[in-house]
Amino acid sequence: MDTQNASSSEKSDFVRDIVAADLREGRISEVVTRFPPEPNGYLHIGHAKSICLNFGIAAEFSGRCHLRFDDTNPVKEEQEYIDAIEADVRWLGFDWGEYLFYASDNFEQLYEWATYLIREGKAYVDDLSAEEIREYRGTLTEPGKASPWRDRSPEENLDLFARMRSGEFPNGSRVLRAKIDMASGNINFRDPVIYRILHSAHPRTGDAWCIYPSYDFAHGQSDAIEGITHSICTLEFQDHRPLYDWFIENLPVPSTPHQYEFARLNLTHTVLSKRVLLRLVKDGFVHGWDDPRMPTLTGIQRRGFPAEGVREFAGMIGVARADSVVEIEMLEHAVRGVLNRTALRRFAVLDPIKVTIDNYPEGQTEEMDVTNNPEDPSAGTRKVPFSRELWIERDDFMEDPPKKFFRLSPGREVRLRSAYFVTCNEVVKDAEGNVIELRCTYDPATRGGAAPDDRKPKATLHWLSAAHAVPAEVRLYDHLFASPFPGSDGRDLFEDLNPASETVLSGCLVEPALEEAAVGETVQFERLGYFCVDPDSTSGAPVFNRTLTLKDSWARMQAKTNA
RNA sequence: UGGGGCGUAGCCAAGCGGCAAGGCAGGGGCCUUUGGAGCCUCCAUUCGUAGGUUCGAAUCCUACCGCCCCAGCCA
C-alpha cells in the first residue's frame with residue numbers, strides 16, 4: 001500500500017517511463033538531459049514545460065541536466081537573450097551547475113566531422129542557389145533530383161569546403177550538403193544542408209567563423225559530445241529523428257544519444273510563438289518582453305506568478321504526444337494555490353468612497369491587529385490604523401441592493417474586517433446625485449470584529465483609515481487575447497488582442513504597511529486578488545500589478561443573471 | 001496522391017486483455033471575521049467510426065474517418 005501510494009504520487013509519463021526502463025535495463029548508468037534554447041528571444045511558459053521536464057527528470061533519477069545554447073545562427077542570436085535565458089531558468093528554480101554549454105563550443109569539432117563525411121563520400125559542396133536547391137528538392141509527393149555538383153570528388157569537396165571556411169565565397173554561394181537520398185519520403189533525407197556561409201559576427205565566436213553548421217548537424221553531435229542520454233524535444237522534430245540517428249551512426253561520435261519528442265504547450269488566451277511575441281514587442285502592442293501580460297517567464301514574473309506555481313502547473317498538465325491546448329485557468333489555478341498559501345494579506349481600496357463614523361471620537365486613532373495570512377499562522381499579525389474617517393470600496397455599497405447583495409446599504413450593518421461592525425444611516429450625494437459619502441455609526445462592543453451577542457453580519461468589508469492611507473497606482477491585467485484561440489477561423493491574430501488587457505488605476509489607496517513594499521513581492525489585497533509590487537515603484541509611491549483576481553462567486557452570479 | 005505522428009468528458013491526462021485514475025472547468029451543499037480559502041458531493045454504461053479475434057477489448061487485428069507536422073542556406 002505504501003509503495004503504491006508513493007509511486008502514485010510520483011510523476012509519470014512516457015518519457016519518464018523510457019528513462020526508468022533504460023536505467024533498469026542497464027542501457028545507461030546515469031541519465032543526462034539538456035535544455036537547448038536558441039538565444040534568439042525570451043523564454044516563455046512553453047519553454048517552462050520543457051525545462052521542468054528536462055531538469056525534473058534529471059533530479060528525479062539522480063542524473064544531470066545541461067543548459068546548452070543552440071547558437072548556430074548568428075544572424076538571429078544575441079548576448080541579451082543568452083543572459084535573459086540564464087536568468088529565467090534560474091528564476092524558475094533550476095541549476096545547471098557546471099554544465100553550461102554552447103553548440104558553438106563545438107564548431108571546430110563539427111567542422112572536423114564535416115570533413116570526415118566528405119572523406120567518406122557522404123557530403124559534398126553544392127554550388128546551386130537557394131532557389132535551385134528548393135526546386136531540386138522535389139515536393140511532398142514527388143522525389144527530388146540530384147544536384148549537378150553531387151558527385152564531386154572528396155578532394156575537390158575538401159578544397160572547396162576549406163575555402164568556404166576561409167571566407168573566399170559570399171553568403172549563399174555554396175553550401176555543404178550531406179549525401180543521403182534525394183528520393184526519400186522524408187524530406188530531411190534529401191541531402192540536407194549542413195553548413196552555410198554566413199558572413200556574420202557570432203555573439204560568442206565573433207568573426208572566427210563565416211560558415212555555420214545547421215541545426216541538424218549541430219544538435220545531435222553536441223548531444224553526443226556532452227554525453228546526453230535522452231535528447232527531449234517537441235513533436236515537429238519527429239521527422240528529423242532519422243537524420244539525427246544517421247549522423248550519430250555515420251560519424252565517430254563519443255556516445256549514442258537518442259531523441260524523444262513530446263507535444264509542445266499551447267495555452268488559451270495567449271500565444272506561444274517566438275515570432276509573434278517578438279512582433280508584439282517590436283510593434284509596441286505591449287511595453288516589452290517583461291510586460292506583465294506576456295507569457296514570457298520574465299513577464300510572468302513581473303506579473304507576480306511565483307515560480308513554484310509555474311512548476312506546479314507543469315506537473316499538472318503532464319507530458320504526452322497528442323497536440324493539445326491547455327486552458328489558461330489551469331495555470332491560474334496553480335498560481336492561486338501557491339499564492340493563497342504564501343501571500344501576506346493587506347488592505348487596499350481601488351475605487352474609494354468616504355465613510356464617516358459619526359459616533360467615533362474625532363481625532364482618535366486605534367491600531368487594529370490584523371492577521372497576515374489565515375492560511376499560515378506563523379505569518380503573524382500587523383497593526384492597521386482605524387479612525388473616524390475611512391475609505392471603503394465603492395462596489396461594497398449599494399443604495400438599492402438586489403436580493404443577494406450582502407454588503408453595505410442604507411440601514412444595514414456589516415463588519416469592517418478586524419475592526420468594528422458599522423451601520424449605514426445616511427447617504428450623502430453631490431449635485432448630480434452621485435453618492436459621495438456614507439454616514440455610519442459603529443458598535444464599540446464589536447472591537448476586533450466580533451459581537452458579544454454573537455450576531456453575525458452577512459458581509460465583511462476591507463477598509464482604510466483616510467488619514468493613514470497611502471496613494472498607489474494599480475495596474476489591472478487580464479488575458480492578452482480576448483479569444484481563447486487567437487487568430488482562429490481566419491481572423492487576424494492582432495484583431496483578437498484584448499483591449500482591456502491592461503487598465504491603469506490611479507487614486508488607489510493602500511495600507512501603510514505597503515508604503516515601502518519590496519519590488520517583486522506579491523501580496524493579497526483582501527477580497528480583491530493578488531498584487532505584485534512593480535519595479536516602477538518609487539519610495540512612498542508604490543505601483544502594483546494585479547497578478548490574478550480572487551475567485552469571485554458574486555461576480556460569477558452577476559454574470560450568470562445578466563446572461 | 002509521399003513521409004511522420006495523434007484521436008479517452010468542455011480542457012489536460014492515466015490506462016499496456018479483466019470491467020474507465022486524477023486535475024482544471026462546471027453544478028449542488030457545508031463552513032467561513034476575505035461572497036477568498038477549505039470540506040463534501042455530482043459530472044464518460046463508454047474510449048474517432050465500423051467490423052473482427054476473445055469467456056472478456058479503450059487496450060489485439062483490419063478497414064475507414066478526422067486532426068497535426070514536413071518541401072528554410074530557421075531552430
Side-chain angles (χ1 to χ4, degrees), chain A residues 8 12-13 17 36-38 40 70 72-73 75-76 126 128-130 133-135 137-144 171-177 183-190 192-198 211-212 214-216 218-219 233-242 261 263 265 268 274-275 313 315-334 336-337 340-341 345 370-371 374-375 404-407 415-419 421 446 448-450 456-462 484 524-529 549-557:
Chain A
S8 66
S12 171
D13 54 63
D17 290 348
E38 184 193 10
N40 68 344
D70 235 331
T72 57
N73 185 4
V75 328
K76 289 186 178 174
D126 196 342
L128 255 27
S129 68
I133 287 179
R134 192 188 329 119
E135 286 160 16
R137 187 152 33 220
T139 69
L140 294 178
T141 54
E142 305 157 32
N171 288 357
S173 58
R174 281 178 235 261
V175 292
L176 184 70
R177 293 228 255 171
S184 174
N186 183 342
I187 288 175
N188 293 303
F189 269 5
R190 319 243 266 228
V193 170
I194 59 176
Y195 264 93
R196 71 286 211 200
I197 300 171
L198 255 22
I211 57 171
Y212 293 91
S214 64
Y215 164 84
D216 286 306
H219 199 97
C233 61
T234 45
L235 252 26
E236 66 269 27
F237 291 100
Q238 286 175 101
D239 290 345
H240 294 248
R241 187 178 355 118
E261 314 87 14
L265 174 67
T268 57
K274 277 194 185 178
R275 195 197 104 248
F313 168 70
M316 278 167 69
I317 59 175
V319 178
R321 288 174 64 85
D323 292 315
S324 62
V325 185
V326 175
E327 291 174 338
I328 201 164
E329 287 78 4
M330 234 197 264
L331 208 212
E332 296 173 350
H333 171 82
R336 282 196 184 93
N340 178 52
R341 295 194 291 274
R345 304 310 110 124
V370 186
T371 302
E375 304 294 321
K404 296 282 188 54
F405 185 88
F406 303 141
R407 284 110 93 155
R415 169 165 44 226
L416 295 183
R417 167 143 238 231
S418 302
F421 293 2
T446 58
K456 295 193 187 301
K458 295 203 72 171
T460 300
L461 310 186
H462 59 279
Q524 182 193 105
F525 288 173
E526 288 217 32
R527 303 205 308 129
L528 297 175
T549 61
L550 253 22
K551 287 215 254 173
D552 186 343
S553 54
W554 167 248
R556 183 186 310 280
M557 222 166 96

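Lettering of chains follows the sequences in order, A, B, ..., and the numbering in each one begins at 1.
Separating the CG atom of A/L331 from the P atom of B/G23 is a distance of 18 Å, rounded to the nearest angstrom. Atom P of nucleotide B/G5 and atom CG of A/D323 are separated by 14 Å, given to the nearest angstrom. Following rounding to the nearest Å, A/Y212 (OH) and B/C74 (C1') show an atom-to-atom distance of 15 Å. To the nearest angstrom, P of B/G35 lies 9 Å from CZ of A/R417. Rounding to whole angstrom units, CH2 of residue A/W554 and C1' of B/G36 are separated by 16 Å. Separating the CZ atom of A/R415 from the P atom of B/U32 is a distance of 11 Å, rounded to the nearest angstrom. The separation between A/R174 atom CZ and B/C73 atom C1' is 14 Å, rounded to whole Å.
Checked against B/C24, B/C74, B/G3, the side chain of A/D239 finds its nearest nucleotide in B/G3. In this structure, the nucleotide among B/A37, B/C74, B/U1 sitting nearest to the side chain of A/T141 is B/U1. With distances taken from any side-chain atom of A/A322 to the nucleotides B/A75, B/U34, B/G7, the minimum falls on B/G7. Closest contact between the side chain of A/T139 and the listed nucleotides B/C24, B/A71, B/C73 involves B/A71. Comparing B/C73, B/G2, B/U34 by their nearest atom to the side chain of A/V193 picks out B/C73. Candidate nucleotides B/A75, B/C73, B/C12 were compared by shortest atom distance to the side chain of A/R137, and B/C73 ranks first.
Ring geometry, A/Y215 versus A/F237: the interplanar angle falls from 30° to 60°, so the pair is classed tilted.
Within the 4.0 angstrom heavy-atom criterion, no nucleotide atom of any strand lies near A/H219. Using a 4.0 Å heavy-atom criterion, one finds that A/L461 contacts no nucleic acid atom at all. Within 4.0 Å of A/E526, counting heavy atoms only, lies at least one base atom of the nucleic acid. Within the nucleic acid shown, A/T460 comes within 4.0 Å of sugar-phosphate atoms alone, with no base atom in reach, counting heavy atoms only. A/V319 comes within contact range of the sugar-phosphate backbone alone, with a heavy-atom separation under 4.0 Å but no base atom that close. A/E332 comes within 4.0 angstrom of nothing in the nucleic acid, heavy atoms only. Among the heavy atoms of the strands, none lies under 4.0 Å from A/F421. As judged by a 4.0 angstrom heavy-atom cut-off over every strand, A/S129 is placed among the base-contacting residues.
A donor and an acceptor atom sit less than 3.5 Å apart, one in the side chain of A/R407 and one in the base of B/G35. One N or O donor and one acceptor, one from the side chain of A/E375 and one from the base of B/G36, sit under 3.5 Å apart. Side-chain atoms of A/E261 and base atoms of B/G5 include no donor and acceptor less than 3.5 Å apart. Checked by distance alone, A/D552 brings no side-chain donor or acceptor within 3.5 Å of a matching partner on the base of B/G35.
For B/G66 and B/A50, the P atoms lie 16 Å apart once the distance is rounded to whole Å.
Comparing A/N340 and A/R134, the nucleotide of RNA chain B nearest to each residue sits closer to the 5' end for A/N340.
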